[in-house]
Protein chains: 2
Amino acid sequence: MDDIDRALIQRLQEDAGQPYAALAASVGLSAGATHERVRKLRERGVIRRTTVEVDPAAVGSGVLAYVMVDSTAWMGDSRAAFEGIAEIQEAHIIAGSASVMVKVRTATTEQLQDVLRRLYAIDGVSGTQATVVLETFFERPLPL
Amino acid sequence: MDDIDRALIQRLQEDAGQPYAALAASVGLSAGATHERVRKLRERGVIRRTTVEVDPAAVGSGVLAYVMVDSTAWMGDSRAAFEGIAEIQEAHIIAGSASVMVKVRTATTEQLQDVLRRLYAIDGVSGTQATVVLETFFERPLPL
DNA sequence: TCTGAAATAGATCAGAT
DNA sequence: ATCTGATCTATTTCAGA
């Protein structure tokens, strides 16, 4: 992981579809060497996958909320229960008063309510505090 | 936006690097027709960009925290101030007691503390409540 | 580990159904 | 709107430094 690798990752975060020749030119290497470096970054798991960023509202997920989930038991083994709720985009174990924090996207607030209902159905869950997002300022790649 | 478009988006979210031929086969179209649909999805802004997912810990951002930012003034015009803090990955205006919620990634908790200091320096900010993530269960694409 | 070129494969376009 | 087939471009591999 040197500066060239970091530069390559940054360029790929901005546009993963660009030709290796363009990528190579931006870091001053040949296409072959660039290809080899990117291959290794993938192999080592630094780059997890290539994906597309989608406009949530355009695919029927216009409502975004963060939900703090309180519990009466250790939630460390409950990953599968959260995975089972399709509308949950992220789930994290957190320090502090709540136990788990989830990021939820739904089409409507009615569907958000239904997600809260399903969260309550998970073993050990004793409460939820939903924070609804009114406007997203920005969502951007990791700093390097 | 029909079922084929949704299927294409889902496949591209899983692997945006796959050949159009493979993508086409998975939805029962020709490569040409598939290419045309994907082009239109990009043109309409449904697909915003092609990018790579990076392991945060591998690039020096192993600490993840969500910070609720309280304020004494309307924060709707403060986008630039939050954008100016590089460690902030997401910033949202929220309903509820706080005004803004930000997602922060840093290498260490010391750097997280420094981000909080810079948040306090923003006009109108009167307080912060940081929630540190201990373990990420999962982060996954949008449901379709 | 990088370079440069050759072989392979995929993207793109024109024309037709 | 989709398909087929031809052209063009990019990716991938490999020998050599």
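Letters A, B, ... mirror the listed sequences (proteins, then strands); counts begin at 1. Only a predicted model underlies this, so the values are computations on that prediction, with no experimental measurement involved.
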Per atom distances to the A:S30 side chain, the nearest of C:dT3, D:dC3, D:dT12 is C:dT3
A:R39 atom CZ is separated from C:dT1 atom P, nearest whole Å, by 10 Å
From CD of A:E36 across to C1' of D:dC14 the rounded distance in Å is 12 Å
Requested in this report: Would you classify A:R37 as touching base, sugar-phosphate or nothing, given that sugar-phosphate means primed atoms plus P, OP1 and OP2, and contacts are heavy atoms under 4.0 Å?
Outcome: sugar-phosphate
With a 3.5 Å distance limit and no angle check, can you tell me whether A:T51 reaches the backbone of B:Q13 through a side-chain donor-acceptor pair?
yes
Atom CD of B:Q18 and atom C1' of D:dT11 are separated, to the nearest Å, by 16 Å
In whole angstroms, the gap separating C1' of D:dT12 from CG of A:L29 amounts to 17 Å
From CG of B:L23 across to P of C:dG10 the rounded distance in Å is 13 Å
Of D:dA10, D:dC3, C:dA11, the nucleotide closest to the side chain of B:P19 is C:dA11
Side chain A:Q10, main chain A:R6, donor-acceptor under 3.5 Å: no
Picking from D:dC3, D:dA1, D:dT11, the nucleotide nearest the side-chain atoms of B:K40 would be D:dA1
When rounded to whole Å, the OH to C1' distance for the pair B:Y20 and D:dG5 reads 19 Å
When rounded to whole Å, the CG to P distance for the pair B:D5 and D:dT2 reads 9 Å
Would you confirm whether the ring centroid of A:Y66 sits within less than 6.0 angstrom of the ring centroid of B:H92?
yes
Task: Residue pair A:V59 / B:M1, side-chain heavy-atom distance below 4.5 Å - done: yes
Rounded to whole Å, the CG-P distance (A:L41 to C:dT1) equals 12 Å
With the side chain defined as heavy atoms from C-beta on, A:H35 is closest, among D:dT2, D:dT12, C:dT3, to D:dT12
